[in-house]
Amino acid sequence: MRQVVAEEGAMALTTGLGATAFGYFVQGWFKFGGVEFFKIQAVNAMGEEKAWDNKTNIYLASAAAAEFIADIFLCPLEAVRIRSVSDPEFCDGLADGFVKMLKADGIGGFYAGFVPILFKQVPYTMAKFAVQGDAADRMYAAMGTKPSECSNGTNVTVSLASGVIAGVAAAVISHPADTLLSKVNKAGAGGSGSMASRLINIAKETGIVNLCTVGLLPRCVMIGTLTAGQFGIFDTVMNALGASKFHFHDPNEDKH
C-alpha cells in the first residue's frame, strides 16, 4: 500500500472503486433476494418436513442458483474493475470503461472471466449461506428460542455473529479461485491459449500453496467483516420494509 501511494498517489487506492461498489450492489441484490426466493420455492414444493430434513441441500442449491444469475450481471463490472486497476490509464470511470472494453474486445471481453468468477463465487456463496444458516440455527438452539420469538435486534445480532463465521469459511474456500480471477483478466496473463490453458498456466506459475495461502488472512478478516455486515443490513432492510427473512421450521416441534 505504501509503495502504491508513493508511486501513484493516494487516489490510486480508489481505482476501480465505482465498478466494485456498483457491481457488488447489483450482485448482492440478486444473490440475497434470489436465495430467499429459491428457499421458499423449495419448501413449497417439498413440504416443511422434507425441507427441514434437507435444509442444508436447499441452502446450497438456492445459493448456487442465485449466484449464477447474479454473476451474469457482475462479470462485466468485474472485468472493467480489474482492467482499470491493472491499467489505471485505461478508462475514466465505469461508463468509459464499458465503452472502451466493448470496442477493444467485444461482448466476449466482458465475460472472459466468467468461468473463473463462477468457480470463485458459486462455492463462496454456497458456503456462506449454508454455514450462516447452520450457525444461526445453532445460536438460536443454544438460546432455547427461535427467530419468531426474538426481537429484531436479537435477530440482527445473530445474523452479524453467524455472518462472521460464514464469511471466514467462504473466504477460505474461494481464495484460490479469487487469486486466479485477479490474474486472468490482466493482459497476457497465462499466455494466449484457451481459458482453461491460461488458468492452468497461471496456477503453475503461482503454485498451489501460494494460490491457497497468499493473502488469505487479510481476506478472512475483510470477508468475515463484510459478510457479517451484509447479513445485518439485509435483516435490517427486511425489518424496515415490514418483511422477515425466511427461516426453516421443524414441524416436529408443533407435535410436542
Side-chain angles (χ1 to χ4, degrees), residues 21 24-67 69-70 74 121-174 219-256:
Y24 282 94
F25 173 81
V26 172
Q27 185 208 33
W29 178 275
F30 282 95
K31 178 160 57 179
F32 278 79
V35 169
E36 289 297 297
F37 172 79
F38 288 119
K39 281 195 301 182
I40 293 170
Q41 296 306 308
V43 173
N44 289 340
M46 300 170 65
E48 281 195 346
E49 186 167 354
K50 191 172 182 181
W52 174 259
D53 293 336
N54 292 277
K55 63 178 181 176
T56 298
N57 291 331
I58 293 174
Y59 270 122
L60 293 171
S62 298
E67 185 61 54
I69 295 170
L74 173 66
Q121 288 295 138
V122 171
Y124 165 84
T125 300
M126 292 171 69
K128 179 166 76 172
F129 281 93
V131 171
Q132 190 274 336
D134 184 69
D137 286 343
R138 291 175 184 274
M139 289 178 186
Y140 285 117
M143 294 188 292
T145 186
K146 49 189 177 182
S148 60
E149 298 173 347
C150 296
S151 66
N152 290 339
T154 299
N155 286 333
V156 170
T157 300
V158 170
S159 289
L160 289 170
S162 57
V164 172
I165 298 170
V168 171
V172 172
I173 289 172
S174 66
R219 178 171 166 78
C220 284
V221 173
M222 181 186 72
I223 298 300
T225 304
L226 177 63
T227 301
Q230 287 176 332
F231 280 104
I233 291 171
F234 183 67
D235 277 19
T236 301
V237 171
M238 293 283 280
N239 292 334
L241 294 174
S244 59
K245 187 166 68 175
F246 176 83
H247 292 277
F248 288 98
H249 172 68
D250 183 1
N252 293 319
E253 290 183 355
D254 299 332
K255 300 175 182 179
H256 299 305

Item to complete: Could you tell me the separation between the CG atom of N152 and the OG1 atom of T157, rounded to the nearest 0.5 Å?
Response: 10.5 Å
Discussion item. Just verifying a value: how many Å separate M139 CE and D134 CG, rounded to the nearest 0.5 Å?
Written reply: 10.0 Å
Discussion item. Are F37 and F30 an aromatic pair, judged by ring center distance below 6.0 Å?
Written reply: no
Practice prompt. Heavy atoms only: give me the nearest I223-G167 pair and the separation to one decimal.
Written response: CG2-O, 3.3 Å
Discussion item. Quick check for you: to the nearest 0.5 Å, what is the distance between S62 atom OG and E67 atom CD?
Written reply: 13.0 Å
Discussion item. So which atom in K245 and which in F234 form the shortest heavy-atom distance, rounded to 0.1 Å?
Written reply: CD-CE2, 3.7 Å
Worksheet entry | Separation between CG of L160 and CD1 of I233, rounded to the nearest 0.5 Å | 9.0 Å
Discussion item. Testing the basics here: between G232 and S159, what is the closest heavy-atom pair and its distance to 0.1 Å?
Written reply: N-CB, 4.5 Å
Practice prompt. List the steps, then state whether side chain to side chain contact (heavy atoms under 4.5 Å, CB included) holds for Q132 with Q230.
Written response: CA-CA 11 Å; Q132 190 274 336; Q230 287 176 332; over 6 Å; no
Response to the item:
Here the gap from T56 atom OG1 to F129 atom CZ, rounded to the nearest 0.5 Å, amounts to 14.5 Å
Practice prompt. Measure across I58 and M46 and return the closest heavy-atom pair with its distance rounded to 0.1 Å.
Written response: CD1-SD, 3.8 Å
Discussion item. Show the nearest heavy-atom pair for residues D235 and N155, with the distance to one decimal.
Written reply: OD2-O, 3.7 Å
Practice prompt. Could you check R219 against S174 for side chain to side chain contact (heavy atoms under 4.5 Å, CB included), going step by step and ending with a plain yes or no?
Written response: CA-CA 10 Å; R219 178 171 166 78; S174 66; 2.5 Å; yes
Fill in: Distance (rounded to the nearest 0.5 Å) between Y124 OH and T227 OG1
3.5 Å
Practice prompt. Would you name the heavy atoms of F38 and A66 that are closest together and state the gap between them?
Written response: CE1-N, 3.8 Å
Fill in: Donor-acceptor pair, side chain of K55 and main chain of F248, under 3.5 angstrom
no
